[in-house]
2 protein chains.
Amino acid sequence: MVTIKDIARESGYSISTVSRVLNHRNDVSPDAKKKIEEVVEKFHFVPNNNAKHLKQSNTKTIVVLVKGISNMLFSNIVEEIQQMIGRTDYTLVVSYIDEDDNEVEQALQLCRERKPLGLLFLGGNPEFFKQGFAKVDVPSVLVTNRANNLPFENLSSVATDDIAAGKCAVDALLEAGHDKIGIIGGDPVKSYTSHQRYLGCKESFAEHGKEMDLEVCYEKARFSFDSAYRAMKRLVEKYPDLTAVFAMSDVMAIGAIRALRDMDYRVPEDISVIGFDGTVLAEYYNPKLATIRQQYQTLAVRSVEILFGQIELKKEPIYEVVPFEFASGESIKNLK
Amino acid sequence: MVTIKDIARESGYSISTVSRVLNHRNDVSPDAKKKIEEVVEKFHFVPNNNAKHLKQSNTKTIVVLVKGISNMLFSNIVEEIQQMIGRTDYTLVVSYIDEDDNEVEQALQLCRERKPLGLLFLGGNPEFFKQGFAKVDVPSVLVTNRANNLPFENLSSVATDDIAAGKCAVDALLEAGHDKIGIIGGDPVKSYTSHQRYLGCKESFAEHGKEMDLEVCYEKARFSFDSAYRAMKRLVEKYPDLTAVFAMSDVMAIGAIRALRDMDYRVPEDISVIGFDGTVLAEYYNPKLATIRQQYQTLAVRSVEILFGQIELKKEPIYEVVPFEFASGESIKNLK
DNA sequence: TTGTAGGCGTTATCAA
DNA sequence: TTGATAACGCCTACAA
C-alpha cells in the first residue's frame with residue numbers, strides 16, 4: 001500500500017510538505033506543489049481516512065443520521081441537504097441506520113470518529129434521546145420529529161405538526177361523507193410519530209361528534225408494503241363495513257390498496273384510501289394517491305439553517321413547525 | 001473523550017488487557033474480564049474505529065459496494081446478503097455510492113481502510129473495472145453484471161443473462177401480437193446492462209422476422225420515475241402508433257405508465273407495458289406490472305457462496321448465470 | 001494471564 | 001517555505 005511516506009520519498013520532499021499539498025494549503029511553493037501532485041497522480045495515492053480522522057480535530061463536517069434506507073421522504077430530504085451543504089465549505093457525512101436501531105448511540109460513535117460540528121437526525125425515537133442524548137455535546141436538529149419534550153439545550157427540531165396533519169387526513173375522509181374509517185399506522189407505543197397522528201385522528205372524530213374505537217378501527221403495521229397489506233386484510237376482517245382507510249404512509253397506503261383489490265374491492269369506488277408523506281410514489285400510483293404532503297424541501301432547508309444558527313451563533317433551541325398540504329389525488333370517493 | 005487508556009487506569013489493568021477484553025479474546029482471567037467490563041459499562045466506553053482499523057490487520061470483513069441507494073433490486077439483495085453474513089463470523093460493511101460514481105476507486109479506498117477479505121459489487125461499470133481493477137488484490141464478485149470480458153483472476157460474477165432477458169421481454173410483447181414496440185432504457189453507451197438488454201430486443205425482433213429502428217423506437221432515460229415519464233412522452237411523439245413499451249426497470253415502467261395515462265392512454269387496453277427487475281413494486285402497482293423477475297435471492301446467495309469459495313479455496317473465477325422468470329402481471333394486452 | 005513498547009498513516013506544532 | 005517529531009487511540013508481537 002502506498003502511503004504519504006512513499007510520496008515524500010519519491011518526490012524528494014518531506015511528509016509534512018506532502019500533507020500540506022494534500023490539504024490544499026497555501027504555504028507551499030508552486031514547485032513543491034507541482035512535483036508532489038505529479039507523484040500523487042503517478043502512484044494513484046489516496047489518503048487513509050482512518051489515520052486522517054484519528055488525528056484531525058478541526059473538521060468542518062456535518063453528520064446526517066437517516067433512520068431507514070427505504071424511507072422515500074428521507075431520501076428526498078437527504079438529497080436537498082446534500083445540495084445545500086455542497087454550496088458551503090462543510091463536508092457532509094450520511095449514515096444510514098436501521099429503522100429499529102438506536103440513532104443516539106450511533107451519533108455518539110460518529111462524534112468520536114468524525115468530530116462533526118453539527119448533527120442532523122432524520123427520524124428518531126424520543127426514548128433513545130431521553131436515555132442518551134445528554135452525552136451529545138454537538139448542536140443537533142431533529143428533523144421530522146418534534147423535540148419540544150426533549151429539553152436539551154443543543155437540540156432543535158423541524159417537523160410537520162403530526163397531530164394537525166393526522167386530523168387533516170381524517171377530516172378529509174369525514175367531510176367526504178365517510179364515517180366508518182379504518183386506520184393503519186405504526187405502533188403508537190413505539191413510534192411517537194404514529195402516536196401523534198393517531199391523536200389527530202381522535203381529535204377529528206371528536207370535532208365531528210363521533211367516537212373512535214381504537215380496538216376496532218386501528219391496525220398496526222411496519223412501514224412496508226407487505227406489512228400494510230396484511231394489516232389491511234386484518235382490518236377488513238374485524239371491521240367489514242368500513243368505507244375508508246387512513247394509512248400513515250404512502251407505502252402503507254399502497255400495500256393496503258393492493259390488499260383491497262385482491263379482496264375485490266375497488267378503490268375509491270368501494271373503499272377510499274388516503275396516505276401520508278406525499279412522496280413521488282403517490283403521484284405515480286394508480287389511482288393517484290390522496291395524501292398529506294410533507295414539505296420535504298422546507299424541512300431540509302430549515303433544518304440546515306437552524307443547525308448553522310446553532311453552530312455559529314449558539315442560539316437557543318428552536319422547535320419549528322412546517323406546514324403540510326392536503327393532496328387530493330384520486331383515491332377518495334365523495335359520498336355526499 | 002474516554003479512551004482505552006482511561007479504562008485501563010480506572011480498572012487497574014493495562015491497556016493490552018482491556019483491548020483483549022474488548023475484542024472478546026479468551027486469554028483473560030474471568031476477574032479481569034468482569035472488572036473491565038464493569039468499567040467499560042460505567043463510562044459508556046466505545047472504541048474509536050479509526051484507531052482500530054488503522055492498526056488492525058486481521059479483520060474478517062466483507063465489503064459490499066452498492067451503486068444507487070434507490071435501486072430496489074439492490075436493496076433486496078443487500079438484505080439477503082446481510083442475513084447470510086450475519087450467520088458467519090464475518091463483519092459486513094455496506095457502502096452506498098452514486099449511480100454515476102466510480103465504484104472501483106471507492107473499492108480501492110475501502111480496501112486500504114478496512115482491509116476486507118472480500119468485495120461484493122452490486123452493479124458496476126465495466127469501463128471502471130478495465131481502468132482500475134488491476135490494483136484490487138482482494139477476491140471480488142460482480143453481482144448483476146457479467147465479468148466474462150473482465151479477465152481478472154480475482155473477479156467472479158453472478159448475473160442474469162441480460163441479453164436473454166431482454167429478448168424474453170420483447171418476445172412476450174411480440175407474441176401477444178404487438179409489433180410496434182417502444183423501448184425505454186439507459187444509455188447503451190454508458191450502461192453495459194442496458195446495452196445487453198437492447199441486444200436481446202434486437203435478437204427477438206430478428207427472430208420474429210422484424211426490423212428494429214433504434215432511432216425511432218428507443219428513448220434514453222435515467223432509472224427514475226420522472227426521467228422515464230419524460231422519455232415516454234418523447235417516445236409517443238416520435239412513434240405515435242406504438243402499442244407496447246418495454247421499460248428496462250420497473251421504476252421506469254411506472255414512470256412510463258403515468259405518462260401514458262396523463263396522455264389519456266389506458267394501460268393495457270391502449271398500450272401494453274412490460275418492466276424489468278421484478279421488484280416488489282411491480283406486484284403492488286395497478287395494473288400489476290408484467291416484468292422480468294431477477295432472482296434476487298439466488299443472486300445474493302450465490303454471490304456470497306462464490307466469494308467464500310474464492311477467499312477460502314482460492315478457486316478460479318466463476319461467471320455464473322442465474323435464471324430469470326417472466327411475470328405476466330396485468331399490463332400486457334393480448335392482441336391475438 | 002498480564003504488561004511493555006512499537007507502530008498503523010495522518011496532522012499539527014515547532015523550530016529551522 | 002520546509003522538515004523533524006510528537007501526538008491521535010488502538011492492536012499486537014514479545015517479554016515477563
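By convention in this document, chain letters (A, B, ...) are assigned in the order of the sequence lines, proteins followed by strands, and residues within each chain are numbered from 1.
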Asker: Could you check how far NE2 of His53(A) sits from P of dC10(D), rounded to whole Å?
Answerer: 16 Å
Asker: Rounded to whole angstrom units, what separation is found between the NE2 atom of His24(B) and the P atom of dC11(D)?
Answerer: 12 Å
Asker: With a 4.0 Å cutoff (strictly under), does any side-chain N or O of Ser14(A) reach OP1 or OP2 of dT2(D)?
Answerer: no
Asker: Establish, from distance only, whether the side-chain atoms of Glu113(A) and Gln109(A) form a donor-acceptor pair under 3.5 Å.
Answerer: yes
Asker: Establish, from distance only, whether the side-chain atoms of Glu320(B) and Ser156(B) form a donor-acceptor pair under 3.5 Å.
Answerer: no
Asker: Does some side-chain heavy atom of Leu65(B) sit less than 4.5 Å from a side-chain heavy atom of Leu110(B)?
Answerer: yes
Asker: Scan nucleotides 8-16 of chain C nucleotide by nucleotide, 5' to 3', and note B when protein non-hydrogen atoms come under 4.0 Å of the base, S if they reach only the sugar-phosphate, - if neither.
Answerer: BBBBB----
Asker: Would you say Tyr96(B) and Ser75(B) make side-chain contact, with heavy atoms under 4.5 Å?
Answerer: no
Asker: Among pairs that include at least one residue of residues 121-145 of chain A, which meet side chain to side chain donor-acceptor pair (under 3.5 Å), considering only residues two or more places apart or in two chains?
Answerer: Asn145(A)-Thr193(A)
Asker: Going by an N to O cut-off under 4.0 Å, is there a salt bridge joining Lys33(B) and Asp27(B)?
Answerer: no
Asker: Does a side chain donor of either Tyr192(B) or Asn149(B) reach within less than 3.5 Å of an acceptor in the other side chain?
Answerer: yes
Asker: Using C1' atoms of five pairs at each end, report the bend of the helix from dT1(C)-dA16(D) to dA16(C)-dT1(D) rounded to 10 degrees.
Answerer: 30°
Asker: Take the protein atom CG of Asp27(A) and the nucleotide atom P of dT2(D), then report the distance between them rounded to whole Å.
Answerer: 9 Å
Asker: Do the non-hydrogen side-chain atoms of Val93(B) and Pro116(B) ever get within less than 4.5 Å of each other?
Answerer: no
